[in-house]
Amino acid sequence: MQIKDDVLAELKWDPAVNAATIGVEVKDGVVTLAGHVSTYAEKYAAERVAQRVFGVKALAVEMDVKMDGHAKRTDADIAKSAESALQWTTFLTKSPVMIKVEKGWLTLTGEVEWEYQRKAAELAVRYLLGVTGVSNQITIKPSTSVAVVKSDIEAALKRRANADAASIAVTVNGTKVTLSGTARSWSDRELAVAAAWAAPGVYNVQDDIAVV
């Protein structure tokens with residue numbers, strides 16, 4: 001009950017979210033968000049709000065994006081705006097990203113060299129008017145020039161999530177990193193995942209960390 005009250009309070013606290021349109025259910029630390037929001041940006045904000053509440057172990061999203069008439073745009077208009085947004089993103093000047101839009105849902109594909117570039121592409125289009133959802137299917141090019149060093153990732157974990165570093169195990173298999181163990185909160189878990197993605201040559205990060 002405490003987690004539900006905290007999530008509801010956090011939703012009301014965040015000005016980017018209209019808490020009155022969102023329902024919250026909690027069972028065994030799994031939070032379910034339901035209801036209707038007016039933009040994808042608000043839906044994303046609501047998800048982030050729930051994730052930062054202490055005690056939340058997992059999140060199920062059952063919210064729909066229902067836009068007012070003035071916010072609706074054709075798929076062609078959204079695609080054109082997304083293309084312009086990506087062109088203005090400095091992180092992607094040499095990394096072509098393909099765009100597909102279907103009923104407002106925007107899918108990104110292509111290859112980039114780093115995880116931060118993949119995230120930058122999604123960020124560039126997330127808040128565009130008319131977008132009802134974003135699927136980021138951009139992949140990362142495997143780096144053959146720099147080896148993934150397990151000790152470097154572990155050192156990064158100690159810098160970013162010092163208290164949890166000892167409880168997180170790092171396994172490296174080629175360009176894939178697997179993280180396992182436990183973290184005290186969702187945010188600490190995200191710090192660990194971000195540390196792994198920042199290592200040169202990482203193509204995939206499997207997050208098996210449990211929030212306890």
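For the numbers below, each heavy atom of this structure counts, side chains included, while hydrogens, waters and symmetry mates do not. Computed from a prediction, not measured in an experiment: that's the story for all the values here.
- In this structure, E25 places its CD atom where only 12 or fewer heavy-atom neighbours from other residues, nucleotides or ligands lie under 6.0 Å away.
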Stepwise side chain to side chain contact (heavy atoms under 4.5 Å, CB included) test for V37 and N18: CA-CA 8 Å; V37 291; N18 180 8; over 6 Å; no
Audit row: M63, E47, side chain to side chain contact (heavy atoms under 4.5 Å, CB included) steps and yes/no: CA-CA 10 Å; M63 293 181 291; E47 294 173 11; 4.2 Å; yes
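- I3 has its side chain out of reach of D6: every pair of non-hydrogen atoms, C-beta onward, lies at least 4.5 Å apart.
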Stepwise salt bridge (Lys or Arg N to Asp or Glu O under 4.0 Å) test for E190 and R52: CA-CA 10 Å; E190 287 191 332; R52 67 181 179 233; over 6 Å; no
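- Here the closest non-hydrogen pair linking S135 and W105 is OG-NE1, 2.7 Å.
- Distance OG1/T90 to CD/Q117: 10.0 Å, rounded to 0.5 Å.
- Of the possible polar contacts, one joining the T21 side chain to the H36 backbone as a donor-acceptor pair under 3.5 Å is found.
- Here the shortest heavy-atom pairing between A192 and L179 reads O-CD1, 3.6 Å.
- Closest non-hydrogen pair, I78 versus G130, comes out as CD1-O, 3.3 Å.
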Check against side chain to side chain contact (heavy atoms under 4.5 Å, CB included), L33 and V24: CA-CA 5 Å; L33 300 179; V24 178; 3.8 Å; yes
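- Residue F54 places its CZ atom among 12 or fewer non-hydrogen atoms of other residues, nucleotides or ligands, all under 6.0 Å distant.
- Although no hydrogens or angles enter the test, the distance criterion places a donor-acceptor pair under 3.5 Å between the side chain of D14 and the main chain of A16.
- Nearest heavy atoms, V134 versus V131: CG2-CG1, 3.9 Å.
- Closest non-hydrogen pair, Y44 versus R126, comes out as CE2-NH1, 3.2 Å.
- By the side-chain hydrogen bond (donor to acceptor under 3.5 Å, both in side chains) test, T139 pairs with no residue at all, sequence neighbours left out.
- Screening R118, E115, K119 for a side chain to side chain contact (heavy atoms under 4.5 Å, CB included) with I138, the sole residue that qualifies is R118.
- Atom NZ of K103 and atom OG1 of T132 lie 10.0 Å apart (nearest 0.5 Å).
- Distance OG1/T107 to CD/E102: 8.0 Å, rounded to 0.5 Å.
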Candidate pair W114 and F91, rule side chain to side chain contact (heavy atoms under 4.5 Å, CB included), full reasoning: CA-CA 10 Å; W114 294 90; F91 291 145; over 6 Å; no
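- Heavy-atom minimum distance, L106 versus L108: CD2-CD2, 3.3 Å.
- I140 CD1 to N204 CG: the interatomic distance, rounded to the nearest 0.5 Å, is 8.5 Å.
- Taken to the nearest 0.5 Å, the CG atom of L59 stands 10.5 Å off from the CZ atom of R48.
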Audit row: Q206, D208, side chain to side chain donor-acceptor pair (under 3.5 Å) steps and yes/no: CA-CA 6 Å; Q206 182 172 327; D208 292 337; 3.0 Å; yes
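- None of V61, V26, V53 except one satisfies the side chain to side chain contact (heavy atoms under 4.5 Å, CB included) rule with V31; the exception is V26.
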